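As structure tokens, the structure follows; a few thoughts come after it.
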Amino acid sequence: MGIARRRFDCLVIGAGGGGLRAALQLAQEDLHVAVVSKVFPTRSHTVAAQGGINAALGNALPDNWHWHMYDTVKGSDYLGDQDAIEYMCRVAPRLVIELEHYGVPFTRLDNGRIYQRAFGGQSQNFGGDQAARTCPAADRTGHALLHTLYQQNMRAQTHFFDEYFAIDLLRDEEGFVVGALVLDIESGEPLVIEAKTTLLATGGACRIFRTSSNAMINTGDGIGMALRAGLPAQDMEFVQFHPTGIAGYGMLISEGVRGEGGYLVNKDGERFMERYAPKALDLASRDVVSRSIAIELREGRGCGPDGDHVLLKVDHLGADLIKKRLPGIRESAMHFAGTDPCEVPIPVAPTAHYSMGGIPTNLHGQVVAPERHGPEEAVPGLYAAGECACVSVHGANRLGGNSLLDIIVFGRAAGEHMAEYIRENPYNRPVADEAVDRAMQGLSRWDRKGDGISVADMYDRMSRVMEQNCSVFRTEEVMAEGVKRILELEEQLEDVRLSDHSRTFNTARIEALELGNLMEVAVATMLSAAARTESRGAHSHVDYPDRDDKNWLKHTLYLKDGHVLDYKPVRMRPLSVEAFPPKERVY
Amino acid sequence: MSTFRQFSIYRYDPDAGGEPRMQSYRLEIPDGSRELMLLDALGMLKAQDESLAFRRSCREGVCGSDGMNINGRNGLACITPLRSIKDPVTLRPLPGLPVIRDLIVDMTQFYNQYRAVKPWLINHEPEPEIERLQTPAERDQLDGLYECILCGCCSTACPSFWWNPDRFLGPAALLQSWRFLADSRDQATAERLDDLEDPYRLFRCHTIMNCSDVCPKNLNPTKAIGKIKAALMKRVG
Amino acid sequence: MLFIINDNAGPIKKAFKYWLCVDILPPPMNAAPQKRPVYLNLFQIRLPIGGMVSILHRVTGVLLVLALPLAVFLLQRSLESAAGFAQVSAWLSPWPVRVLLLLLALTFLQHLYSGIRHLLLDLDIGVDRSSSRNSAWLTLVATALSAVALGWLILA
Amino acid sequence: MKIQPQYIGSTRRGLGEWFAQRVSAVVAAAFGLYFLVALCLAPPTDLETWRAWVLGGGMRLALGLFFAATLIHAWIGMRSVFLDYLKPMSLRLVVSTATGLGLAVIALWVAALLLGAV
């Protein structure tokens with residue numbers, strides 16, 4: 001076999017916020033780190049995060065991490081694991097300060113501290129007044145954060161494999177993950193990267209939907225790789241639809257817009273959130289606002305000739321504030337809606353935004369799978385962090401501002417634990433040729449010639465099924481049809497052919513590999529969703545409109561082999577404080 | 001009834017051999033489709049011809065992947081409305097950088113320039129428990145600087161970069177240099193200025209302003225470079 | 001390498017390096033030169049107006065340097081003697097020469113106007129997209145107006 | 001200790017030249033404009049008035065300054081042009097040497113003219 005091999009201590013797959021934070025931690029520990037990214041790191045989707053990162057700093061209004069924890073548990077519709085949530089909310093203030101020290105240009109208060117804005121689902125005193133917990137850098141927080149982390153990694157001399165696509169994980173016979181097979185996109189040559197520990201930080205997968213706020217690179221590669229390695233995907237039915245995507249395009253309009261005082265109106269000019277969430281209004285949790293918009297549209301109160309959107313009004317905030325605090329939003333609205341939000345409301349509709357589900361991990365970022373004894377058993381050598389992972393801190397619905405926090409907290413935690421793991425397992429385990437050969441099949445499969453369905457066509461079919469059969473509102477019948485259709489498509493994936501077999505920078509081949517991953521995620525999502533006969537958080541089942549804690553307060557685990565669904569309990573016990581037992585969720 | 005648009009696109013595939021050439025495409029725009037961006041059109045062309053290669057990611061103008069030369073002018077395909085450009089839509093790679101394939105250029109040099117200005121915060125003092133305090137006015141100094149998306153449109157529109165790509169740092173890197181010089185938390189001012197005072201790295205800039213003219217994020221590298229020069233002058237006395 | 005001169009080089013080497021505009025050359029930033037095409041066709045790249053004016057500034061600058069010996073020669077001849085003065089006057093009187101003289105004056109003025117623009121930009125005046133475009137056009141308009149005024153003066 | 005590549009190339013020379021280029025520009029521009037306008041508005045009619053104007057004390061000094069500024073400006077400007085366009089070092093050496101010598105000759109010539117011709 002002529003495949004080149006490189007050997008590192010740690011392999012980080014994905015160079016978004018999670019991957020870079022972990023890599024920085026590892027590089028600071030003087031470990032030999034390789035970061036593989038299919039795009040140049042600053043092109044990762046973290047760059048598009050807008051509103052901010054949550055931490056109970058209490059700079060603007062009184063706050064403490066325990067309130068943050070309460071809001072997160074409640075926001076998750078009680079499906080979040082409370083130990084992980086406690087950990088995240090506790091370390092948040094320290095890690096945000098650390099980011100500031102790294103150079104993130106946060107917006108400031110007059111006293112020189114970080115400005116904090118109100119975001120959806122935030123309260124003081126366990127459900128009291130609106131809190132202000134989200135630390136922004138204008139409305140380009142993700143950009144500021146990702147660039148800063150990349151800069152710090154340059155300083156720490158992390159080794160980057162830019163524009164390398166990870167094809168599959170390599171496992172040895174004892175189940176250790178020993179590296180990955182990657183593809184140098186530029187040359188078209190495969191490469192084996194051997195590592196003592198591997199971190200998946202490949203981001204979300206909302207590209208399974210046609211209308212999505214996600215970058216075109218968000219194709220669930222890590223989840224696909226984990227599934228093919230025989231590992232489960234957890235809670236895949238929970239996909240967050242962000243209430244405010246630009247109508248017709250799906251680009252995100254940050255919740256920060258509503259945090260700064262913007263609000264939604266229907267075609268009658270009515271501020272309809274007054275009816276759905278009398279207290280929190282437009283800052284209710286995202287699932288609630290998205291559902292409210294969807295109801296407005298369904299009942300014919302949408303705007304525009306097709307009645308397919310509502311309006312987000314901001315002009316009353318004044319041009320100065322908009323230009324200062326929301327410049328990126330203004331730019332986006334001008335590009336895509338063609339109007340200046342300082343004068344005209346922005347047309348918005350819900351857009352697929354975030355995968356709450358993903359590869360199951362514990363709060364150290366270790367991937368856990370029910371392989372031998374129990375669902376919390378760590379897979380040796382494998383970690384996951386960020387949107388591709390499911391810790392689970394977001395449960396059934398993520399709060400705005402918690403995603404950037406998630407990647408920082410668990411990217412760092414994973415990095416720390418990986419370093420510890422390497423101290424105990426100081427040698428690279430051998431990588432067998434058979435494992436490499438198996439992984440190579442995933443690549444060489446695309447060398448097949450002849451007629452067949454094109455990648456673009458197949459993507460189109462798949463994303464339509466997901467949009468039609470697995471969207472904001474789900475019914476038994478629609479999902480049953482969705483299951484049938486998506487499984488058909490999964491079979492037809494065999495018939496998809498590439499027409500371009502060139503080597504150098506063959507983006508068609510990359511898209512084909514991505515399609516494979518998307519299909520894994522789509523099947524997992526569809527099957528997990530069809531099985532859950534309750535409504536919880538983002539999973540809104542019309543035939544079962546209520547939450548069913550008796551039967552469904554549990555995580556879904558989906559396994560690729562035989563399309564098996566399994567379940568495991570939610571970790572209701574926090575680390576040090578009292579648990580928050582489930583109760584009715586009103587905003 | 002649908003409309004048609006004409007494209008002429010720079011094609012180069014090293015595997016196929018031969019020289020770069022321009023290829024014509026005709027694209028049918030279905031009626032009733034929403035306002036299309038150039039990147040949407042490229043996606044539609046790629047569905048017809050898989051071999052057409054270009055970079056893209058966020059498709060909303062924040063990641064900087066799809067910088068290209070559009071009808072002679074650098075820009076991002078994802079935020080260029082198709083309506084705003086004349087037929088035939090002529091697409092070429094960013095000027096002055098080696099072409100890997102079609103519209104994809106090798107940006108190694110551009111990234112190295114970025115790296116050369118040490119684009120990270122340097123502060124020698126012990127870390128405080130809380131934030132390094134910064135007033136809103138001090139923070140305002142970073143506006144128009146930190147937003148750079150590293151798309152390369154500015155540097156590859158700069159004649160000084162064309163002629164001295166290996167020695168002149170180019171507008172993007174210099175903008176980032178000023179981003180850190182202007183940061184009230186950064187303490188490496190002297191070192192940064194020392195690094196720049198050289199006939200090539202900074203002073204190849206002749207205030208041509210092509211960079212500011214093309215920046216898709218409306219940033220102004222020329223202004224930043226001017227401020228670096230002013231800081232150098234001030235240091236002398 | 002002949003041209004790599006480090007900081008403790010002697011005065012001769014330093015002078016040499018100054019002369020050549022080569023400094024102690026750092027290793028080229030792009031270490032792996034590959035056989036790849038580069039798109040850099042100046043006729044296909046659309047230069048902004050500021051870029052055009054900047055090129056014009058360069059071209060006129062070089063022309064002025066080339067005209068410098070001629071100017072010194074004419075100055076010297078005209079100051080030398082009555083005959084010299086008469087001769088220079090005679091050389092400069094036919095209208096084709098006057099047209100050339102006008103062009104030279106315009107070359108100087110273009111260089112001057114765009115130079116003033118550059119100096120203002122250096123002083124952080126008009127360094128935004130629209131002002132710099134406007135000021136670039138303004139230098140061209142000013143040159144055109146000067147052509148009319150000077151043409152009237154020199155040719156009439 | 002390994003020398004960081006960023007430090008190797010700096011001659012600490014860019015600023016001085018950049019500044020000289022601008023100062024000389026202002027001097028040359030001011031006088032050049034004055035000279036041009038004066039010549040156009042009142043072209044000299046005979047040798048005597050011409051000599052009296054050009055070689056008058058103030059004017060002679062001004063002319064000297066003008067040529068000094070112009071030559072400095074030209075030298076920096078031309079070198080800048082060579083630096084951009086002339087890539088082979090040998091060619092750059094020949095052309096910049098020729099230009100330098102040419103400008104030096106002009107400098108001597110002007111000096112002789114202004115100092116010698118009483």
Side-chain angles (χ1 to χ4, degrees), chain A residues 39-40 42-45 47-48 97-98 100-103 105-115 137-138 140 142-144 147-148 151-152 154-155 162 186 188 215-217 248-249 251-252 327-328 331-332 335-336 338 454-457 460 498-500 502-508 511, chain B residues 13-16 34-35 37 43 46-47 49-65 78-79 81 100-102 104 106-107 111 115 118-121 123 127-136 138-139 142-143 145-150 179-180 183 185-186 217-218:
Chain A
V39 292
F40 181 73
T42 65
R43 325 267 184 235
S44 307
H45 192 51
V47 82
I97 296 292
E98 187 180 64
E100 192 280 330
H101 293 167
Y102 285 153
F106 283 111
T107 305
R108 300 291 173 147
L109 292 163
D110 285 335
N111 66 5
R113 304 199 60 176
I114 299 173
Y115 166 75
R140 312 178 203 273
H143 173 282
H147 279 251
T148 302
Q151 291 159 357
Q152 289 296 328
M154 274 195 276
R155 184 185 199 178
D162 293 336
E186 187 179 310
M216 298 169 92
I217 56 170
Y249 290 89
M251 279 79 179
L252 186 64
E331 227 173 77
S332 269
H335 283 311
F336 293 99
S454 75
V455 172
D457 195 13
D460 197 52
L498 275 182
S499 62
D500 179 13
S502 59
R503 305 230 132 247
T504 309
F505 228 112
N506 185 342
T507 52
E511 283 178 23
Chain B
D13 179 5
D15 301 337
R34 59 164 164 77
E35 165 92 62
M37 295 292 160
K46 189 167 176 67
D49 176 1
E50 274 182 1
S51 69
L52 178 63
F54 51 91
R55 290 190 179 104
R56 83 282 179 281
S57 171
C58 75
R59 58 85 176 89
E60 55 180 306
V62 297
C63 79
S65 296
C78 59
I79 52 172
I100 299 174
R101 174 172 177 171
D102 298 349
I104 296 171
D106 180 357
M107 295 182 74
Y111 296 140
R115 198 181 271 262
K118 294 191 183 149
W120 48 77
L121 192 77
N123 187 306
E127 290 200 15
E129 303 269 304
I130 58 161
E131 300 93 320
R132 292 190 198 280
L133 299 180
Q134 189 172 47
T135 66
E138 285 168 338
R139 169 59 183 76
L142 308 183
D143 281 338
L145 304 171
Y146 81 96
E147 299 96 321
C148 172
I149 57 174
L150 301 177
R179 179 248 172 275
F180 288 96
D183 195 322
R185 300 169 293 172
D186 190 89
K217 301 302 282 183
N218 287 312

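Treat the numbers as computed from the prediction; the structure is a model and nothing was measured. So you know, we letter chains A, B, ... as the sequences are listed, proteins then strands, and number each from 1. All values below were derived from every heavy atom in this structure, side-chain atoms included, with hydrogens, water molecules and symmetry-related copies excluded.
- A 4.5 Å side-chain heavy-atom check between A:Pro105 and B:Arg179 finds at least one atom pair inside the cut-off.
- With a 4.5 angstrom heavy-atom cutoff, A:Ser332 touches chain B only via side-chain atoms.
- The shortest non-hydrogen separation linking A:Arg43 to B:Ser65 is CD-OG, 3.2 Å.
- Ranked by heavy-atom pairs under 4.5 Å with chain A, the list B:Met107, B:Glu129, B:Glu147 is led by B:Glu147.
- By the ring pair (Phe, Tyr, Trp, His ring centres under 6.0 Å) test, A:Phe505 pairs with no residue at all, sequence neighbours left out.
- Contact annotation for A:Ile97: only side-chain heavy atoms (C-beta onward) come within less than 4.5 Å of a heavy atom of chain B.
- Ion pair B:Glu138/A:Arg108 not flagged as a salt bridge, since none of the NZ, NE, NH1 or NH2 atoms sits closer than 4.0 Å to an Asp/Glu carboxylate oxygen.
- Only the side chain of A:Ala456 has a heavy atom closer than 4.5 Å to any heavy atom of chain B.
- For a residue to count as touching a neighbouring chain, one of its non-hydrogen atoms must lie under 4.5 Å from one of that chain's; by this rule B:Ile149 touches chain A with backbone and side chain alike.
- Between A:Tyr249 and B:Arg34 there is a side-chain heavy-atom pair separated by less than 4.5 Å.
- When the options A:Asp110, A:Thr107, A:Leu109 are evaluated for a side-chain contact (heavy atoms from CB on, under 4.5 Å) with B:Pro136, the one that passes is A:Asp110.
- Across every non-hydrogen atom of B:Glu50 and A:Val455, the tightest pair is OE2-N, 4.1 Å.
- When all heavy atoms of B:Ile79 and A:His335 are compared, the closest pair comes out as CD1-NE2, 3.6 Å.
- Summarising the local packing, CG of A:Asn111 is surrounded by more than 12 heavy atoms from other residues, nucleotides or ligands at distances under 6.0 Å.
- Using cut-offs of 30° and 60° on the angle between ring planes, the pair A:Phe40 and B:Tyr111 is parallel.
- Looking at B:Pro119, both its backbone and its side chain come within 4.5 Å of chain A, counting heavy atoms on both sides.
- Heavy-atom distances place the side chain of B:Arg139, and not its backbone, under 4.5 Å from chain A.
- Partners of B:Glu60 under the salt bridge (Lys or Arg N to Asp or Glu O under 4.0 Å) rule, at least two apart in sequence or in another chain, do not exist in this structure.
- B:Arg55 is not listed as a side-chain neighbour of A:Thr507, based on a closest heavy-atom distance of 4.5 Å or more.
- Contact check for B:Phe180 versus A:Gln151: side-chain heavy atoms found under the 4.5 Å cut-off.
- Distance check, rounded to the nearest 0.5 Å: CH2 of B:Trp120 to CE of A:Met154 gives 6.0 Å.
- Residues A:His101 and B:Pro128 are in side-chain contact: their nearest non-hydrogen atoms beyond the backbone lie under 4.5 Å apart.
- Side chain of B:Arg132 to backbone of A:Glu100: no donor-acceptor contact under 3.5 angstrom is found.
- Taking 4.0 Å as the cut-off between side-chain N and carboxylate O, A:Asp500 and B:Arg101 count as a salt-bridged pair.
- Of the listed residues (B:Ser57, B:Ala16, B:Cys58), the one with the most heavy-atom contacts under 4.5 Å to chain A is B:Ser57.
- The candidate with the highest count of non-hydrogen atom pairs below 4.5 Å against chain A, out of B:Leu121, B:Asn123, B:Asp143, is B:Leu121.
- No side-chain heavy atom of B:Val62 sits less than 4.5 Å from a side-chain heavy atom of A:Arg140.
- In terms of non-hydrogen atom pairs under 4.5 Å with chain B, the most contact-rich of A:Gly328, A:Gly248, A:Gly103 is A:Gly103.
- In terms of non-hydrogen atom pairs under 4.5 Å with chain A, the most contact-rich of B:Lys217, B:Arg56, B:Glu35 is B:Arg56.
- Residue B:Ile104 touches chain A through its side chain alone, counting heavy-atom pairs closer than 4.5 Å.
- The shortest distance between side-chain heavy atoms of A:Phe336 and B:Met37 falls below 4.5 Å.
- Of the listed residues (B:Ala47, B:Ala53, B:Gly64), the one with the most heavy-atom contacts under 4.5 Å to chain A is B:Gly64.
- Annotation: maximal heavy-atom pairing with chain A below 4.5 Å, among B:Pro81, B:Gly61, B:Cys148, B:Cys78, occurs at B:Cys148.
- Note on A:Gln152, A:His45, A:Glu511: by heavy-atom pairs under 4.5 Å with chain B, the leading option is A:Glu511.
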